[in-house]
A.B. asks: 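Below is one structure. I have some questions about it.
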Amino acid sequence: MKRIPTNQLSNHAGEQVLVKGWVNRIRDMGGVHFLVLRDRTGTVQVVLEGGGLFNVALKPETALSVVGQVAVEPRAPSGIELRAEKIEMLSFPAEDLPFAVNQGATLRAGLDLIFNHRALSLRHPRLAAVFRIQAEIVHAFRTFLREQGFTEVHTPKIVAAGTEGGAELFPVRYFERPAYLAQSPQFYKQMLVGAGMERVFEVGHAYRAETHDTSRHLNEYVSLDLEMGFIDGVEDVMAVENKLLAILVEHLAKNCAREVSRLGATLPTVGQIPRVPLFEAQAAIKERHGKESPRGNLDPEGERLVSRWIEETRGSEWVFITHYPVTERPFYAMPALSEPELTESFDLLFRGLEVTTGGQRIHDYRRLVASICRFGLDPGDFEFYLDAFKYGMPPHGGLAIGLERLTMQLCGLDNVREASLFPRDRNRLTP
RNA sequence: GGCCCCGUAGUUCAGUUGGUUAGAACGCUUGCCUGUCACGCAAGAGGUCGACGGUUCGAGCCCGUUCGGGGUCGCCA
């Protein structure tokens with residue numbers, strides 16, 4: 001007999017069907033038992049009549065297979081129920097659950113416990129909702145970029161040297177040579193632009209060996225990267241992201257309404273995202289709150305204040321912060337035409353958190369070499385990268401979106417770890 | 001890594017000025033109940049109060065050390 005997902009049972013009223021799933025809840029009325037059976041699509045009420053007829057031990061989270069009659073029943077929560085005729089226990093919990101996944105709108109357990117029992121905690125619908133949304137974010141990212149002529153690529157995660165010199169790298173032993181986990185696909189996606197692909201994107205892991213231990217940092221995260229050639233300027237890159245986000249949010253509204261409401265989240269609107277030079281943002285929060293910013297940057301409180309300022313004055317939960325100083329950006333950042341101490345770069349803040357970094361890159365070979373030297377780095381260390389710039393590299397730029405950060409902000413989560421299935425942080429390497 | 005806060009039942013937490021037998025809710029076990037839907041009712045089990053040391057007649061409570069967790073800052077995206 002073919003298994004029917006619980007969300008399709010209404011199409012099978014009056015038929016005998018096979019359903020499989022987990023016991024979500026048991027209501028023992030003596031002569032009759034009501035089970036709420038949960039599968040990947042939802043839940044259904046299963047009715048067991050006749051007490052000892054089903055000689056099956058039942059506990060929450062038991063994996064079950066049930067054959068029964070689908071009945072239209074006004075007394076059932078969803079209007080239909082399954083009258084069990086045969087029950088087969090597929091797998092019985094070996095231990096009592098460390099927390100209940102069928103109680104209430106939120107899972108009552110600390111983050112540490114949740115991650116220690118990740119496979120179980122993800123059975124809670126609220127936690128599961130986060131990752132359905134995340135999957136749709138990635139889907140929308142892919143679909144949109146493919147339609148815009150981007151090619152999906154996969155670049156190495158084991159590399160010989162770092163990208164930007166700054167961030168800490170995880171060393172790995174690569175046979176007889178030292179190597180590192182890639183902190184970014186930056187070099188490779190630029191090279192592929194120059195390789196004639198023009199427009200590339202990647203959904204891949206990035207690794208940062210920073211010792212940070214905060215609610216917005218992971219040591220392994222998923223980077224939604226894109227890079228595009230033949231741009232007229234950094235505005236083209238911001239325009240692509242603006243359009244991408246508008247379509248992404250629209251996609252979520254259409255496909256994840258249930259998950260969004262289960263999380264109590266509100267999807268943002270995406271209009272024309274304001275673009276504000278860094279110095280202007282710094283001045284605004286200084287004037288409004290007396291907030292001093294670090295030189296050439298915003299600190300976490302500054303990001304929150306700038307977001308609040310833009311939301312109040314421009315009605316946008318998103319804001320591009322532009323024109324970061326050369327000293328605060330990597331060597332490949334394109335200096336601004338108007339002011340060579342600034343760059344054609346941007347960060348995107350969403351609800352008070354940086355979710356994207358992007359910019360135009362230096363495409364001229366000699367200029368790039370000079371920039372590397374100015375940063376105190378050795379061009380010899382970047383030979384394979386520089387080679388791509390020798391033979392007609394077009395003007396280009398791109399960006400990287402932190403998937404977990406975007407997910408976190410869209411879902412209204414307090415900690416970025418909650419937006420990672422199996423987070424890797426300063427203290428956690430398992431599961 | 002700095003600073004601040006917190007470690008009490010399986011879980012989330014309360015616990016008064018240091019005082020006798022450490023509580024609640026949910027979960028768990030057993031029994032009753034044929035329309036529940038957070039089912040209900042009755043009974044019950046469950047604690048080295050993170051660990052070690054100290055102060056005290058007496059420590060869950062005060063002090064020190066240590067381990068673990070959370071927040072925040074730094075760094076970073």
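Please read these numbers as outputs of a predicted model, since none were measured by experiment. Protein chains get the first letters and strands the later ones, always in sequence-line order, with residue 1 at the start of each.
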A.B. asks: Could you check A:Arg25 against A:Asp414 and say which one's nearest nucleotide on RNA chain B is further toward the 5' end?
C.D. replies: A:Arg25
A.B. asks: Could you tell me how far B:rA14 sits from B:rC73 if I compare only their P atoms? Round to whole Å.
C.D. replies: 25 Å
A.B. asks: Check this for me: does the side-chain of A:Asp28 come within 3.5 Å of the base of B:rC33 through a donor and an acceptor?
C.D. replies: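 When only heavy-atom distances are counted, A:Asp28 does reach the base of B:rC33 through a donor-acceptor pair under 3.5 Å.
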A.B. asks: Here's a test of your reading of the structure: between A:Glu328 and A:Arg417, which maps to the more 5' nucleotide of RNA chain B?
C.D. replies: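 Mapping each residue to its closest nucleotide by heavy atoms, the 5'-most match is A:Arg417.
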A.B. asks: Check whether any side-chain nitrogen or oxygen of A:Arg304 sits under 4.0 Å from OP1 or OP2 of B:rC73, and answer yes or no.
C.D. replies: yes
A.B. asks: Is any N or O donor-acceptor pair between the side chain of A:Gln103 and the base of B:rU11 shorter than 3.5 Å?
C.D. replies: no
A.B. asks: Can you confirm whether A:Leu169 sits close enough to A:Leu181 that some side-chain heavy atom of one is under 4.5 Å from a side-chain heavy atom of the other?
C.D. replies: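 The answer is no; the side chains never approach within 4.5 Å.
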A.B. asks: For A:Phe99 and B:rC13, what is the distance between atoms CZ and C1' respectively, to the nearest whole Å?
C.D. replies: 18 Å
A.B. asks: Parallel, tilted or perpendicular for A:Phe331 and A:Phe375, by the 30°/60° rule?
C.D. replies: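 Rings of A:Phe331 and A:Phe375: perpendicular, over 60°.
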A.B. asks: Rounded to whole angstrom, note down the C1' distance from B:rC67 over to B:rU30.
C.D. replies: 39 Å
A.B. asks: Roughly, in whole Å, what's the span from CG in A:Leu113 to P in B:rA9?
C.D. replies: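 Answer to the nearest Å: 12 Å.
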A.B. asks: Is the A:Tyr385 to A:Tyr332 ring centre distance short of 6.0 Å?
C.D. replies: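 For A:Tyr385 and A:Tyr332, the ring centres are not under 6.0 Å apart.
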A.B. asks: On a whole-Å scale, what distance lies between the P atoms belonging to B:rA9 and B:rG23?
C.D. replies: 14 Å
A.B. asks: Mind checking the C1' distance from B:rC32 to B:rA22? Whole angstroms is fine.
C.D. replies: 32 Å
A.B. asks: May I ask you to evaluate whether A:Ser215 reaches the phosphate of B:rU72, defined as a side-chain N or O under 4.0 Å from OP1 or OP2?
C.D. replies: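 For B:rU72, OP1 or OP2 has a side-chain N or O of A:Ser215 closer than 4.0 Å.
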A.B. asks: For A:Asn297 and B:rC75, is the shortest distance between a side-chain N/O and OP1 or OP2 below 4.0 Å?
C.D. replies: no
A.B. asks: Would you mind reading off the distance between A:Arg216 atom CZ and B:rC73 atom C1', rounded to a whole angstrom?
C.D. replies: 9 Å
A.B. asks: How close or far is atom P of B:rG71 from atom CG of A:Asn427, stated in whole angstroms?
C.D. replies: 12 Å
A.B. asks: Could you tell me whether the phosphate oxygens of B:rU12, OP1 or OP2, come under 4.0 Å of any side-chain nitrogen or oxygen in A:Arg108?
C.D. replies: no
A.B. asks: In the structure shown, which nucleotide is the Watson-Crick or G-U wobble counterpart of B:rC62, with both distances under 3.5 Å?
C.D. replies: B:rG54
A.B. asks: Look up atom CG in A:Asp347 and atom CG in A:Leu349, then write down how far apart they are to the nearest 0.5 Å.
C.D. replies: 6.5 Å
A.B. asks: Expressed as a whole number of angstroms, how long is the span from A:Met29:CE to B:rG31:C1'?
C.D. replies: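 Spelled out: CE on A:Met29 to C1' on B:rG31 is 15 Å.
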A.B. asks: Mark yes or no: A:Arg329 above the aromatic ring of A:Tyr324, with NZ or CZ under 6.0 Å from the six-membered ring centre and no more than 45 degrees from the axis.
C.D. replies: yes
A.B. asks: Using the C1' atom as the reference point in each nucleotide, state the distance between B:rC61 and B:rU17 in Å, no decimals.
C.D. replies: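 The same atom, C1', in both gives a distance of 10 Å.
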A.B. asks: Write down the distance between CZ (A:Phe115) and P (B:rU11), rounded to a whole number of angstrom.
C.D. replies: 17 Å
A.B. asks: May I ask you to decide if the ring planes of A:His205 and A:Tyr207 are parallel, tilted or perpendicular, using 30° and 60° as cut-offs?
C.D. replies: tilted
A.B. asks: Choosing from B:rU34, B:rU36, B:rG35, which nucleotide comes nearest the side chain of A:Arg27?
C.D. replies: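 Nearest listed nucleotide: B:rU36.
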A.B. asks: Check every atom of B:rG35, B:rC28, B:rC37 against the side chain of A:Arg83 and return the nucleotide holding the closest atom.
C.D. replies: B:rG35
A.B. asks: How many Å lie between CG on A:Asn415 and C1' on B:rG70, as a whole number?
C.D. replies: 10 Å
A.B. asks: Taking B:rG47 as the reference, what is the distance to B:rG40 when you measure between their P atoms (whole Å, please)?
C.D. replies: 26 Å
A.B. asks: Check this for me: does the side-chain of A:Glu81 come within 3.5 Å of the base of B:rG35 through a donor and an acceptor?
C.D. replies: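 Flag set: donor-acceptor pair detected.
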A.B. asks: Using atom P of each nucleotide, how far apart are B:rA51 and B:rG7 to the nearest Å?
C.D. replies: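 My reading of the P atoms in B:rA51 and B:rG7 gives 13 Å.
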A.B. asks: Rounded to whole angstroms, how far apart are CG on A:Leu97 and P on B:rU29?
C.D. replies: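 So the CG-P distance, A:Leu97 to B:rU29, works out to 10 Å.
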A.B. asks: Counting heavy atoms from C-beta on, name the nucleotide in B:rU11, B:rU34, B:rC39 closest to the side chain of A:Ala109.
C.D. replies: B:rU11
